[in-house]
Amino acid sequence: FVLCLLVLGFQLFPYSGPEGSFNATDLYAGFAHPALIAVSTLMILGHALVRTGALELVGTLLSLAWKRSVRWSFLLTMLLAAFLSSFVNNTPIIILLVPIMVSVCIKNNISASSILMPVNFATLLGGMGTTIGTSTNILVVSVAAELGLREFGLFDFAFPAVAVGFVGLLYLWLVAPRLLPRRDMAMSDESAREFTAQLFMGPNNPYLGKKLAELVELTHGKMQVRRIRRTEEISIMPLPDARIQAGDRLLVSDTPSALKSYEQALRCVLYSGDHVLDAEHPLPAADQQLAEVAVYPGSALNNASLAMTRFHEMKELEVVAIHRAGKAISAMPRGIQNVALRIGDVLLVQGSSHAISELKSQSDLMVLDATRDLPRRRKAPLSLLVMFAVIALATTRTLPLSIVGSLGVAIMLLCGCLNWKDVRDALSVQLVLMIVTTLALGQALLLTGGSDLLAGQFLELMQGFSPAWVLAGLIALMTLLTNIVSNNAAAVIGTPIAIIVAQSLGAPPEAFVLGVLFGANLSFVTPMAYQTNLLVMNAVGYSFSDFVRVGLPLAVLMWAGFSLALSLLYGLI
C-alpha cells in the first residue's frame, strides 16, 4: 500500500527539483536494485544449506554438548548461533535450533522460555558482524555507496560488532534467563507429534551382532526401543544386552525428524511391510518429501489397513510411521501395512512432491500442513563449498555481492543442491516487497529534500550536543524505528540522514552510517520487530512484556556500547 500510494502521488503530482525530474515509474527501480538481488540470493543460498543438511552437523554437536554441561553448552550455542548468523540468514538457524533447544530443555527439566529468546537475540547480535549478516546491513552499505561513501568490506565493522556484541552475549547468558518467567510450551501438536515406526536391520547392516545398548549410543542415547520384533510370532524384550540379528525390527516412537536421523545413524531403513526402502527398492523420485496425513471420518482407511486398501500401489507413497493420539501403538507384528487404522490416526508418508500434491487434491485423506523436504545430505559438502566461495569472493571484493550471489545460486541449481521449487520456497515475498518499498521511499525522500528536512529537524533537536552525543541520539532514533516500523525502513531512511548529519557536523560519515546500521539491527524490544522474534514467540508462548523485559535492557546496553565504541574509533570524543 505504501508503494502504491507513492506511485499514485508522484503520478498525479510529478516532481522536478535540483536533482532532476522524478517519475512514478522510477519508484519501481527497487525491483532491480543490486541490494535486493544480493538479499534474495543470500536467502536462497542459506536455504540450500538447510535443504542439503549442511547445518545438521551443528545440531548433532550441540545435542552432544548439552548432555555434558547445560550452563556452558548454553553459552556455546549462543556463540555458534551468532557466528553462523554473520554469514547466513538467521531464520534457518532459528528453525534448526528451536527443536534442539526444546528437546534438551525437556530432558534437563529446564524451561525452554529461558533459553530460546536469548539464543534468538544472539543470532541478531551475530548478524551485525558482516555486510552480509542481515538484509539491513546490505541495504545500509548499498545506499551509502550510492550516496558516494566508500563501500564497506565484508569485515570492515566486525571489530565494534564483536566487541559490543560479546557484552550482549554475556548479558543473555547470565542475566536474561533470570528475567524470563517460565512459559508453557505453545508449540502445536503438529510440531511435537510422535510417530511409531519399525527400523528394519537388513542382512548387510554393519551393526549386526552388536548389543542394543551400542545402537542406542549411536543415536547419542536418544532412541528408545520399546520392542524388538524378530519374526511375526517372536518378539524379544529390548534389554541393553540383546544382540541384533538380520531381519530384526526395532519398534520406536519419536518425531519424524528423529526417526529419519535414527535411520541414518543405524544405516537401517524404516520398515513398512512388503515395501522395504533400501538400495534395491528405492522410491523412484529424487525430490523426496515427508508429509503427515490424517485419517478422518469417511476415509477408506478408517477401520482398514494399508494392505487392504492397496495404499502404496494407488498413491505411490510409502507409510513409514503412525501417530495414534492418546496411546502409542504397542506392537506391529506384521508391519505398518497391516495395522488396523482408526479415525484420528496420522500417517507419516514419504514420496515425491508430485505424489503428495496429488494426495492433497483428493478427498480420501487429509494432508496436514507438515510437509517437509528430506535433506540431500550427499550434497552438503558441495553446498558448503559454494557458500565459502561466495563469502571469499565477497571478502576480496572480486565481484559485487549481487553478482557473486547470483553465480552461487546458479551453481547450486546446476549441481542439484537446489531445484526451482527450493528457490521459490526460499524467497520471502513479504521481505522482497518490504525492501522494494523502503528503497522507493528512501529515493523519494532523498530527491524531494525530505531527508534534508528530517536531518535538519534532528540536528535542531540535538543542538548544543557534541558529535558523540549526536551519534548516540541517531542510534537511539534508529533503535526506536526498528522496533516500531521496520529494520529495513529504518536502514534506508536513516542512511542518507546520517550522511547529511555527519557532513553538517564535519564528522566522519562512516561513524554515523554504522550508527544507523547497528541501531537498525537492535530489534529486541517488540516481537514484531523481526521475524525470528515471532518464531520463538509462537514456539514457547512468550508475551509482549517478555520481549520488553529482556529486550529493552539489551537494547539500552547495545546502544551505550555502540555509541561509545564508534565515538572512540572515529575520534568523536
Side-chain angles (χ1 to χ4, degrees), residues 34-62 65 76-97 100 122-139 141-142 151-159 161-162 165 264 373-420 422-423 425-427 532:
L36 176 64
I37 297 171
V39 170
S40 299
T41 56
L42 288 174
M43 282 194 293
I44 297 169
L45 292 171
H47 182 75
L49 297 182
V50 177
R51 185 70 181 87
T52 58
L55 296 179
E56 288 191 355
L57 178 61
V58 175
T60 302
L61 294 175
L62 287 177
L76 174 64
T77 300
M78 290 195 295
L79 288 170
L80 192 57
F83 174 76
L84 291 174
S85 296
S86 297
F87 306 100
V88 182
N89 183 279
N90 69 335
T91 301
I93 296 172
I94 289 297
I95 292 174
L96 170 76
L97 291 178
I100 296 173
T123 65
L124 297 180
L125 292 174
M128 290 187 262
T130 66
T131 57
I132 65 173
T134 66
S135 59
T136 305
N137 299 3
I138 295 173
L139 286 170
V141 170
S142 299
E151 187 171 354
F152 288 99
L154 188 68
F155 298 106
D156 279 2
F157 47 84
F159 176 72
V162 171
Q264 182 187 20
D373 294 322
L374 297 181
R376 308 184 188 101
R377 291 182 178 86
R378 60 189 179 87
K379 300 288 186 179
L382 183 58
S383 65
L384 283 172
L385 181 63
V386 173
M387 193 67 189
F388 286 143
V390 169
I391 293 171
L393 289 172
T395 304
T396 58
R397 305 187 195 182
T398 306
L399 292 169
L401 181 57
S402 57
I403 296 177
V404 173
S406 300
L407 293 175
V409 172
I411 293 171
M412 292 274 200
L413 284 166
L414 290 172
C415 296
C417 297
L418 290 169
N419 56 39
W420 287 109
D422 298 324
V423 173
D425 293 343
L427 291 173
T532 56

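Here the structure is a predicted model, which means the values were calculated and not measured. Sequence positions, counted from 1, serve as the residue numbers for this chain.
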Decide if atom CZ of Phe155 counts as having more than 12 heavy atoms of other residues, nucleotides or ligands within a radius under 6.0 Å. yes
Could you pull out all residues at least two apart from Ser383 that satisfy side chain to side chain donor-acceptor pair (under 3.5 Å)? Thr52
If every non-hydrogen atom of Ala35 is compared with every non-hydrogen atom of Ser142, which pair is closest and at what distance? CB-OG, 3.5 Å
What are the two closest non-hydrogen atoms of Ala161 and Gly129, and how far apart are they? CB-CA, 3.7 Å
Does the Lys379 side chain pair with the main chain of Ala48, one donor and one acceptor, at a distance under 3.5 Å? no
Minimum heavy-atom distance between Ser406 and Ile37, given as atom pair plus value: OG-CG2, 3.7 Å
Is a side-chain donor or acceptor of Ser402 paired with a backbone partner of Ala38 at a separation under 3.5 angstrom? no
Whether the side chain of Asn137 engages the backbone of Thr130 through a donor-acceptor N/O pair (distance < 3.5 Å, no angle test) should be reported. yes
Residue pair His47 / Leu418, side-chain heavy-atom distance below 4.5 Å: yes
Please report the shortest heavy-atom distance between Leu45 and Gly405, naming the atom on each side. CD1-O, 4.2 Å
Sole candidate of Val39, Asn89, Leu42 that passes side chain to side chain contact (heavy atoms under 4.5 Å, CB included) when paired with Ser135: Val39
Nearest atoms (heavy-atom pairs only) where Val386 meets Gly408: CG1-O, 3.7 Å
Evaluate the side chain to side chain contact (heavy atoms under 4.5 Å, CB included) criterion for residues Leu407 and Leu393: first the C-alpha distance (whole Å), next the side-chain angles of each, then the deciding distance (0.1 Å), finally the verdict. CA-CA 11 Å; Leu407 293 175; Leu393 289 172; over 6 Å; no
Between Leu427 and Ser40 the two heavy atoms that sit nearest each other are CD2-CB, 3.6 Å
Is there a side-chain contact between Thr131 and Asp156 (heavy atoms, below 4.5 Å)? no
Identify, with sequence neighbours excluded, every residue that meets side chain to side chain contact (heavy atoms under 4.5 Å, CB included) alongside Ile391. Phe87, Ile132, Leu154, Met387, Thr395
I'd like to check Glu151 versus Val141 (side-chain heavy atoms, cut-off strictly below 4.5 Å). Are they in contact? yes
To the nearest 0.5 Å, how far apart are CG in Leu84 and CD1 in Ile93? 4.5 Å
Can you name the side chain to side chain donor-acceptor pair (under 3.5 Å) partners of Thr123, sequence neighbours left out? Asn90
